[in-house]
Each structure stands twice: as structure tokens, then as C-alpha cells.
Amino acid sequence: AGRCQGSERTPAMLRLLLLASLAAACAAECPMFGTPPEGHPPIVLPHIPRDVGYLEDYLAALDEIDFAAVKTDITAALSEENSIWPFDDVKSYGPLLIRLASNCAGSYRESDGRGGCDGANIRFEPELSWADNTNLEKARMLLKPIKEKYGLGLSWGDLIVLAGNTAVEAMGGPASGFCGGRVDSADGGETDMLGPSEAQQKAYPCVEAGNCQAPLGTTEMGMVYVNPGGPMGDATKTQEMADQIRRVFGLKNFNDEETVALIGGGHTFGRAHGPCPAGAGPPPSENVNSPWPGLCLEGHYTSGYHGAWTETPLVWNNDYFKNLETHSWMHYAGPSGKHQWKINSTETDLPEIMMLTSDIALKTDEKYHAIVKQFSEDQTALDEAFKQAWYKFMTQDMGPHARCVGEDVGADVTDDEVEWKTQSRVEPKNARSQPNAESVKDQVRSVMATVVEDVEPDTFGGSDDYGATFIYLAYRCAATYRQSDFLGGCDGAYIRFPPESDWDVNEGLLDVMEKILKPVYDHFEGFLSWADLITYAGITALEDMGSEPIEFCGFLGDAPNGRTQDRLDWSGQGNNLREWMELTGLEPRDVVALRAMPRSMMSLERAGYTGSWSEETQMLSTDFYKVLMAEKWLPFVSNGKQQYKADKKPLYMLVEDMHILWDPEFYAIAEQFVGDEEEFKAAFSLAWSKLINLGRLAAPSEWDKIGMEEAEEPPEEEEITTSAASVGSTVEMVAAVFMAAVAVVCSSRC
């Protein structure tokens, strides 16, 4: 695959979606992607429909959507009363639609990237029946005519978020811009781990009800955020409430200012409904035909709290903060018996407003209070903070900013103001030209056996060798990808920067790059990115150690820093092989094959582990599985890290290795590999190809054209130039990018 096709200014969001479906496309066209043994359950890929035909149809329909026209229809619907949910004294559906968007997006958690409105999983269990989502199915029914009007191209995820944006703007709030292109899920399996569910309870149990801990992104199962009535419903614990708010919003990637802006900005609109002591009635999980019917004859009932936060619930202003700051508050039992807060005064001419314990907590906590005071005095500061926080709130599960579609993408939100929202990259000067792959491999081989100071080599074939170290580096660079929120992967070479460079599993890898691979990088300066070099180094070592040829297109880019990856955390998912598989979108055969990669004992030692399954680096073979299955493994702790040691032998396995023994499906695949070395090597080569292409951000022609006006030739190499075909529509771009993506991975076998 010496040539990569890329269309001029192709929307990168579409490319990413299509790359995510690449496995399915190749499986249909090429004998390259293996499938689990017959009878094994399918793996549901987060956020991405497995039906490539559906995805192509959606992208074509998306190209025809006029989001401005959709906003016009939403605006009209805000003031048209509907019997599905009759107006209360607030004569608008704006606040209800803001709540729908907030709860759809608010399920996001940074621990594993699950949740958020990409996928619109609020339509399915378990989110559908969360107590915090009471009556939100009625909000969706209000939007259903608009969804039906625009059809497939307007996803539920986009419609819900756009409805929230439109409602904020219609009531005078700041316009934050809109990132379109969400892909609706087929069912709720993608967020089943958010709970409550059997899978969640097994993997991430909430040990103390009302005080759930990370990685769960809430304090109570069924809540999106915290219990607004206080910890365990205790309204007197306002500082503890503030602590819970800070922890939970931190798990959703928000700082203190963003948290206060979102809570107060959201409570500026609408009112809470709770005049019925009998409650809302059974949720959809118990009454699918008539959920939450309300058990009183009149009035709305949702949260059980009752009242508005301001006297102008349809107007954007800073009255919420003025009210919170100016008045003294006392808690009392509201109409449904739940504790809320009213103005503590004997005066008779008082505004009929209320606060929740979660609001009072913002005044109790010293740091939050300073922000409340600022917003109460400075409307402009509130406008700016809310604008930035709301865009982040609605968009951060969408991954790289390049995935966004639409003409109003973060219109008033700059990259400098919101660092998290873009995975910008610095490309080689001559980004459209790249050295011949074999030349790069030759240069890698020239440094592979040259020992450098402070980087201990492995022993391979009786000689010092860095090959296994290069494999470890390439694996660590690529294996961070998670398609739940599209972070990670080796495109960007984020492993060069914190947080990844600081992870203990990556100890010493900066030295590997700077002291061993840097001469190769310098040799091809301006033509080869670090991401490509790292990937080629791993491929070169693998092929020298017995792998079948591994196809790689190249043209990955380098990020200027690692800020966008701050949410990544390897500590949990790295040890759970099935969890890692589901987050990356790899298949069971892929992860089982990859565990047999040649091991760098020196890299493992630098990371704090002891030994490996063999006493020196081995050729790629099925010997790994044979040793794994033949020995009795006992728990072993090395430098605080859990490992397993063979009984009476100096052989060691990692926890993720042991999952092959513990998981029946993985074990069955390993048995097949042991019986067929050729099948294993084919599976490994294909799995590695998939791994190194995870998270590929954009086509070469989409790179920022910095210094590309006068492209030079690679040193001593024939120039290989990408084709930048000019295409006229998004649909044509999709076709070009999709075929290029398929060619990248499938070319050698199709």
C-alpha cells in the first residue's frame, strides 16, 4: 500500500466513521478479518452501527440536512402546545428540551468514554428508565414529527442536542455553535455498563448507595449527576453535597467554573415539578405503554421537587445567581415531601422561588461561592463561561473536532479557549510525500542492534536487540484508542507527551524514541512523522520475528502536545482484555492473537514487571499459548503490580494474558491457534494492521498545509504522492475516503 487516496478537504468525521466500519467492510469483501468460532456471542461496537450499508445511507442523507431549517422547525415547536405534555404555567417547551439535551449528554464519563449523546442511548434501557430521566420520553415525542420530516439524515442524537441549543438561544442564551454528525445506536447495549445492569454491577458495582465511586459517573444509580436533595437525600449536608458535585462533574471532565455555569445556567430556565405525593408512576422498564403516567389527577410530576429558581424562567439572565447570593435560605418539605429550600424571611412580599440542596451547596463551598458571586455581578462573565461550557457539554463525546459536520461548528468557541475540543497535529513539512516503506524499515534495522547508553536491550537470537522494544512502543502507542469517545491511538503520537509518557507502563519509552529512533527521524526529517516512525518500527521488528507482511498506509501526524488525551486512563481497562476489546472495537480473535506478540522483557522490567513467559525474546509463534496452557499459574506481585508466576519456574504472565485462560471464548480461539500456526500468523498480521489504524484522524490531503507549497523529495527515495482528487459533494467524498480506507488495510488480500 504505497499510495493513499485522499479527497481534498474531505470531512474527517465521515472518514473516521467509515474507518470504524472498516472491519465489517473488509469482512464482506476480503478473506482477511476472522470471525469468532460459531456460537460465540457477537461483540457490539460502541457508537458505531455494525451495518455498513446503514452507515453509508446515513452519511448520504446527512449531506442533505439543512440544520438551519431544523432549528427553525424546533423554534416553532417550542411554543406549540401538545397534548403529549400540556403546558404548565411556563408556556414553552424550551426548558424541557434543555433538560433532555442535558441528560442525554450528561451521561458521559471520562473513565472509559461511555455515555454522552452520540448514539442517543437515552432512548434505550437502562438510561430510558433512570429516575433523572422521568418524562423525557415525552420530550422526545414532541420532537418526533421533526425527526420524521427529515428522516435518516437527522439522527436522534443531533436532533436532541440541536433542540437544546435552539431552546437556549430562543430564550436569550448565548449561541455556542453545533457539532453535527452523531450516529444513532441500534440499542442500549453500548451504555449498558452505565447501569443499573447485571454487567455494570459485576464490573463496576456501586458499593455504597448514594455514594457511588469512579469509574461510575454519578453518586446514585439512575441519576445523571447527583441527588439534588443532598447526599443520601439529606438536605443538611451541603458541604458534602458540594464535594460530591465536584467529584461527579470532575468525572465528566468539568472544572469548577464550568460546573457552576452549567448548574446555574441550566436552572435559569424552567421549573421543577412535584406537587403529587404519590409520584410519577412506573418507569418504561415497568410500563412500556404508559410510562410515568402521574399518580395524581392534575398537574405534572417529575422530580418531586416543586417550583422555579427565578421569576423569569423563560429568560436568560443571571437572576439565579443573584437569588442564590442575595437571599438567606432554609430547607423545608415540599408538596411531595422532598426537602428543598425557600427564602428564609418573615417578609410577605417575597418572590415565589426555590432552590435545591445542590444549589445551596454552590453557596456553601468557598471555591464555588466565589464563582457564584462573580456571576451574580457580571452577566458577561456568565455568558462567556456558559457558552464555552455548554459547547463542551454537548460535544466532548464526539472526539476530534474534525468529526463535526455543519456550518455552525463551534462558531464562537476558539481552540485556545477550549483546548480539549481539537486534536490538532503538526505535520511533516512535505506531508504529501513519504519515503519508501522499505527504506524506512532499513533505517530502523540499522539502529535495532546498536546498543545505546541507558536503554538496556533485549536478547534475541543470542544478540542484543531492540526489536521487541520497538514492538512494545508501537503497541503502547496504538492500544490507547477507544471508540467510545474517539480518543487515543497512535495518530498524533501522543505517547511522547503527558499523560501517556508518565504512565508507568510507558516508563523508558521516551528514551527509546529520543536515543534510538531519533537518528531515523532526523534522516527523514520533514517527510516522516513520529507516529509513522513508531508504527514502522513495530512492523519492521514483527516481520523480522516471523510475522506475515503487515500493511500500513502511513501518513499519520504528530500532535503538538498531549492535552486532548488528559481523559485517558490505562490503569483500569488495560488489565481487562474483554473491556479493552470492546472499547477499541477489535474482535475476540484480534485480542487473543495480539497477546502472543514478542515480549520485550527490558520494557516490562522498566514498567515495573518481572520477567516474561520465556527467558528471552522469542520469534512470533504459538509457543505463548502452549506455555500459558501447560503451566500452573500462581498469583505474584512485582513492585505492587499483579502478575502470575509458573509454579516452580521463572516464567511470568500479565493479568491480561490470564484472561485468555479465564474467558471461554478467548480460550477456544487460543486452542485453534495452537493447532494451526499458519492460521495464527495470518490472524496476528491482520489484527496488528487493525490495531495500528485505530484512531486514524484524517486523510493526508486534510492536513494543515504548513510548508507544503514546495514539497521536496524524500532523501534517496522515489516520491510517493497522494492523490488529492477534487470532489463536489459530501457523498462523493465519502465514497473516495471509504475506498481509500478499505484499500489501506485490505489491499494485500483483496
Side-chain angles (χ1 to χ4, degrees), residues 435 437-480 490 493-497 500-501 503-525 528-550 552 554 556 558 594-621 623-624 652 654 684-685 688 691-692:
E438 291 306 316
S439 175
V440 177
K441 292 178 182 180
D442 287 342
Q443 291 296 320
V444 169
R445 290 187 181 99
S446 72
V447 300
M448 194 179 295
T450 303
V451 178
V452 301
E453 187 177 0
D454 298 329
V455 184
E456 188 74 18
D458 291 294
T459 301
F460 177 60
S463 302
D464 292 335
D465 189 89
Y466 289 114
T469 300
F470 293 168
I471 294 170
Y472 185 80
L473 171 63
Y475 177 82
R476 294 295 319 132
C477 190
T480 55
C490 205
Y494 296 102
I495 197 170
R496 297 169 298 139
F497 306 112
E500 292 185 40
S501 62
W503 294 348
D504 54 3
V505 293
N506 294 336
E507 182 68 31
L509 292 183
L510 281 177
D511 284 342
V512 173
M513 289 180 272
E514 289 298 322
K515 296 182 179 181
I516 305 176
L517 288 175
K518 185 65 160 56
V520 181
Y521 180 81
D522 291 341
H523 179 79
F524 295 107
E525 184 177 4
L528 192 67
S529 67
W530 268 111
D532 278 343
L533 176 55
I534 290 168
T535 305
Y536 274 123
I539 291 173
T540 303
L542 282 168
E543 292 179 351
D544 287 355
M545 292 182 182
S547 170
E548 290 187 357
I550 297 171
F552 175 58
L556 301 180
D558 292 339
L594 290 172
R595 290 316 306 160
M597 63 184 173
R599 300 289 171 92
S600 168
M601 284 182 284
M602 291 299 101
S603 295
L604 291 172
E605 182 178 303
R606 286 187 285 268
Y609 294 101
T610 296
S612 184
W613 61 270
S614 65
E615 296 188 30
E616 69 172 26
T617 300
Q618 301 291 321
M619 293 285 288
L620 179 67
S621 72
D623 288 350
F624 163 77
Y652 301 87
L654 303 177
F684 181 91
S685 174
W688 195 269
L691 175 71
I692 59 180

For residues [X] and [Y], report the shortest heavy-atom separation together with the two atoms involved.
X    : Y    : answer
A531 : C490 : CB-O, 3.2 Å
Y652 : G611 : CD1-CA, 3.7 Å
A596 : L620 : O-CD1, 3.6 Å
C477 : T480 : O-OG1, 3.6 Å
M545 : F460 : CG-CZ, 3.8 Å
D558 : A493 : OD1-CB, 3.7 Å

Check whether any side-chain heavy atom of [X] lies under 4.5 Å from a side-chain heavy atom of [Y], and answer yes or no.
X    : Y    : result
R595 : L654 : yes
W503 : I495 : no
L517 : Y466 : no
P549 : E543 : yes
D532 : V440 : no
F624 : M597 : no

Spacing of [X] atom [atom1] and [Y] atom [atom2] [to the nearest 0.5 Å]:
X    : Y    : atom1 : atom2 : answer
S603 : D458 : OG    : CG    : 6.0 Å
L542 : S685 : CG    : OG    : 9.0 Å
N506 : Y472 : CG    : OH    : 6.0 Å
Q443 : R445 : CD    : CZ    : 11.0 Å
I534 : L473 : CD1   : CG    : 5.0 Å
F470 : D465 : CZ    : CG    : 8.0 Å

What side-chain donor-acceptor pairs closer than 3.5 Å can you find for residues 447-456, not counting sequence neighbours?
residue	atom	partner	partner atom	Å
T450	OG1	S446	O	3.3
D454	OD2	K515	NZ	3.2

*asked:* Angle between ring planes, Y521 versus W530, binned at 30° and 60°: parallel, tilted or perpendicular?
replied: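 Aromatic pair Y521/W530 classed parallel.
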_Going by salt bridge (charged side-chain N to carboxylate O under 4.0 Å, His left out), name the pairs with one or both residues in residues 604-621, residues two or more places apart or in two chains._
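Passing the test, one end in residues 604-621: no pairs.
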*Considering the options I692, T540, L691, which one meets the side-chain contact (heavy atoms from CB on, under 4.5 Å) requirement together with T535?*
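Only one option passes, and that is I692.
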